[in-house]
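These notes concern the structure reproduced below.
The chains referred to below are lettered A, B, ... by the order of the sequence lines, with proteins before strands, and numbering in each begins at 1.
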Number of protein chains: 2
Amino acid sequence: MYSYTEENYLKTIYKLSEQGNDSINTNAIAEVLQTKAASVTDMIKKLADKKLLNYEKYKGVALTDKGRKVAVDTVRKHRLWECFLYDKLKFGWDEVHEIAEQLEHINSEILTDKLDEFLDFPTHDPHGDPIPSKNGVIKKSNFILLCDAKPNQTLVMSGVADHTAVFLQHLNKISVVLGIEMQITEKNEYDGSIAVKLSGNKSMYFSKDVAKNILVKVK
Amino acid sequence: MYSYTEENYLKTIYKLSEQGNDSINTNAIAEVLQTKAASVTDMIKKLADKKLLNYEKYKGVALTDKGRKVAVDTVRKHRLWECFLYDKLKFGWDEVHEIAEQLEHINSEILTDKLDEFLDFPTHDPHGDPIPSKNGVIKKSNFILLCDAKPNQTLVMSGVADHTAVFLQHLNKISVVLGIEMQITEKNEYDGSIAVKLSGNKSMYFSKDVAKNILVKVK
DNA sequence: AAATATTTTTAGGCTTGTCTAAAAATAATA
DNA sequence: TATTATTTTTAGACAAGCCTAAAAATATTT
Ligand SMILES: [Mn+2]
Ligand SMILES: [Mn+2]
Ligand SMILES: [Mn+2]
Ligand SMILES: [Mn+2]
């Protein structure tokens, strides 16, 4: 239906608009897709012709419902494949994204449905991101950043704000995985570092750089 | 490493050379890939430049070891994915090929290895075709066509010569699946039809058109 | 062997997706 | 507000992969 490239553009625009920005500008897209602004303009015109997004010269773009549907479906496939790679093939959570970037473009609705069923209808991917439903609904998670959480609440590690392999590998190294529970015991104004108590009374320190990329849910 | 299209060309040339033909001619490739002879010539030149095949004008092509390796690896991925779709996702054997045509181009050696392990190192795909090993070795099956088999031998249904969905669906309809055993009770010279006895003494007739596309192993 | 038919290659062109360099529009600063 | 800086778009070009039409080579008939 849509090309590998078109899907990647739509997915990128979708993700940028999720991050607050209402109208997405050319350079931001080029940055994410590691391409040139001129190429983005070329593609934007084609996607606008196909009614996948609204475009006004110099004013940026916004997805149409049609475009958003394609984008969300691509995200759905991406996250389902990540579940498959993680749960079934035992890849690490730092390894799944790159392969899913390829698998997300496999075009077969029935395959996606059967994969979903095979995985027992997962709601979140290995990084804690929600998996859109078949009809495009995403249950928004009410996660907060660890650096914004208050002391004396039980927090459940639920996701990451930084999806890079290096960050995920660092979390592996310090044994921080989805599901662990913690309570903040100290927040240091000076450097933004945070001390927490884990279950079993073990304590642990997070630097600001780490704490600002960990998503937690208040239990 | 190699493009979707390059892999398909190499796979096609490989399969044609497996079917006896030593040097593969342009039209045969065009026929399989549903493209034009001129396009085949274009691509052949590029593959020859990359040392994936040997090419002499008007003399046809033959894969180099390098080209054969790429082709066999593509076949390996194709058949492993078919096993996944059939065994794990419960697709019918008439449905797996088309989706595997897409999946075979996913480029990740570790993914292929992990998939192989997840499937418990299958030796044959859902159609009875052998799965090449990681280092490119294919265990040749000594299957024969049902129409060439002799009476009074126990035959095990082991593969198909026709991989089209319509043929596979016909086999579904008459309940012919891999593994069933039979003995030929009658071979009719006139129309090439064959009568067999199945386990449980049920008898069954195969038209020539069907019998010439069923592969059996003598038990 | 000459004529005819078939196969294969070449020539030229099209689409998709990319690029660089330059022009135009917008935003920021003096 | 005028000048400068940044962003965005246009212009022109290129590679991959495909096409049609015509030329060249090979194969088959007569
Ligand atoms: Mn991902
Ligand atoms: Mn992608
Ligand atoms: Mn197949
Ligand atoms: Mn293929």
Original post:
Starting at CD1 of I29(A) and ending at C1' of dT9(D), how long is that distance when rounded to a whole Å?
Top reply: 14 Å
Original post:
Among dT18(C), dC18(D), dA25(D), which nucleotide sits nearest the side chain of T5(A)?
Top reply: dT18(C)
Subject >> Nearest-Å distance for atom pair CE/P, residues M43(B) and dA15(D) >> reply: 16 Å
Original post:
Does K36(A) place a side-chain N or O at less than 4.0 Å from the phosphate oxygens OP1/OP2 of dT20(C)?
Top reply: yes
Original post:
Would you say S3(B) reaches dG17(D)'s phosphate, i.e. side-chain N/O to OP1/OP2 under 4.0 Å?
Top reply: yes
Subject >> Pairs touching residues 104-119 of chain B that satisfy side chain to side chain donor-acceptor pair (under 3.5 Å), sequence neighbours left out >> reply: E7(B)-H105(B), N8(B)-H105(B), K11(B)-E104(B), R76(B)-D116(B), H78(B)-E104(B), E109(B)-K134(B), D113(B)-K134(B)
Subject >> Residue pair D65(B), R68(B): steps toward the salt bridge (Lys or Arg N to Asp or Glu O under 4.0 Å) verdict >> reply: CA-CA 5 Å; D65(B) 284 351; R68(B) 188 173 301 104; 3.1 Å; yes
Original post:
Rounded to the nearest Å, what distance is computed from the CD1 atom of residue I44(A) to the P atom of nucleotide dT10(D)?
Top reply: 11 Å
Subject >> Euclidean distance, atom CG of residue L33(B) to atom C1' of dG17(D) [Å, nearest integer] >> reply: 12 Å
**OP:** Before giving the answer on salt bridge (Lys or Arg N to Asp or Glu O under 4.0 Å), spell out for D209(B) and K212(B) the whole-Å C-alpha distance, their side-chain angles and the decisive distance to 0.1 Å.
**Re:** CA-CA 6 Å; D209(B) 278 346; K212(B) 73 164 187 258; 3.0 Å; yes
**OP:** For dT10(D), take OP1 and OP2 only and decide whether either is under 4.0 Å from a side-chain N or O of K45(A).
**Re:** yes
**OP:** When you get a sec, tell me which of dT20(C), dG17(C), dC18(D) is the closest nucleotide to the side chain of T35(B)?
**Re:** dC18(D)
Subject >> Closest-nucleotide ordering on DNA chain C, the 5'-leading residue of Y4(A) and K57(A) >> reply: Y4(A)
Subject >> Under 4.0 angstrom between N25(A) side-chain N/O and dT7(D) OP1 or OP2 >> reply: no
**OP:** Tell me which nucleotide among dT20(C), dT20(D), dT18(C) gets nearest to the side chain of Y9(A).
**Re:** dT18(C)
**OP:** Please report, rounded to the nearest Å, how far the P atom of dT9(C) is from the CD atom of E56(B).
**Re:** 11 Å
Original post:
Taking the side chain as C-beta and beyond, is there a heavy-atom pair between Y58(B) and T26(B) under 4.5 Å?
Top reply: no
**OP:** Keeping the roles fixed (side chain from Q19(B), backbone from L16(B)), state whether a donor-acceptor pair exists under 3.5 Å.
**Re:** no
Original post:
Which atom names give the shortest non-hydrogen contact between A100(B) and W81(B), and what distance separates them?
Top reply: CB-CB, 4.4 Å
**OP:** May I have the distance from N8(B) (atom CG) to dC18(D) (atom C1'), rounded to whole angstrom?
**Re:** 14 Å
Subject >> Between dA16(D) (P) and M1(B) (CE): distance, integer Å >> reply: 15 Å
**OP:** Taking only the side-chain heavy atoms of S39(A) (C-beta and beyond), determine which of dC19(D), dC19(C), dG17(C) contains the nearest atom.
**Re:** dC19(C)
Original post:
From dC18(D), dA25(D), dT9(D), pick the nucleotide closest to the side chain of Y58(B)?
Top reply: dA25(D)
Original post:
So what does T41(B) touch, heavy atoms closer than 4.0 Å: a base, only the sugar-phosphate, or nothing?
Top reply: base
Original post:
Within the pair K46(A) and dT16(C), is there a side-chain N or O less than 4.0 Å away from OP1 or OP2?
Top reply: no
Original post:
How long is the line joining CG of D42(A) and P of dT20(C), in whole Å?
Top reply: 13 Å
**OP:** Would you mind telling me which of dT7(C), dC19(D), dA11(D) lies closest to the side-chain atoms of N27(B)?
**Re:** dT7(C)
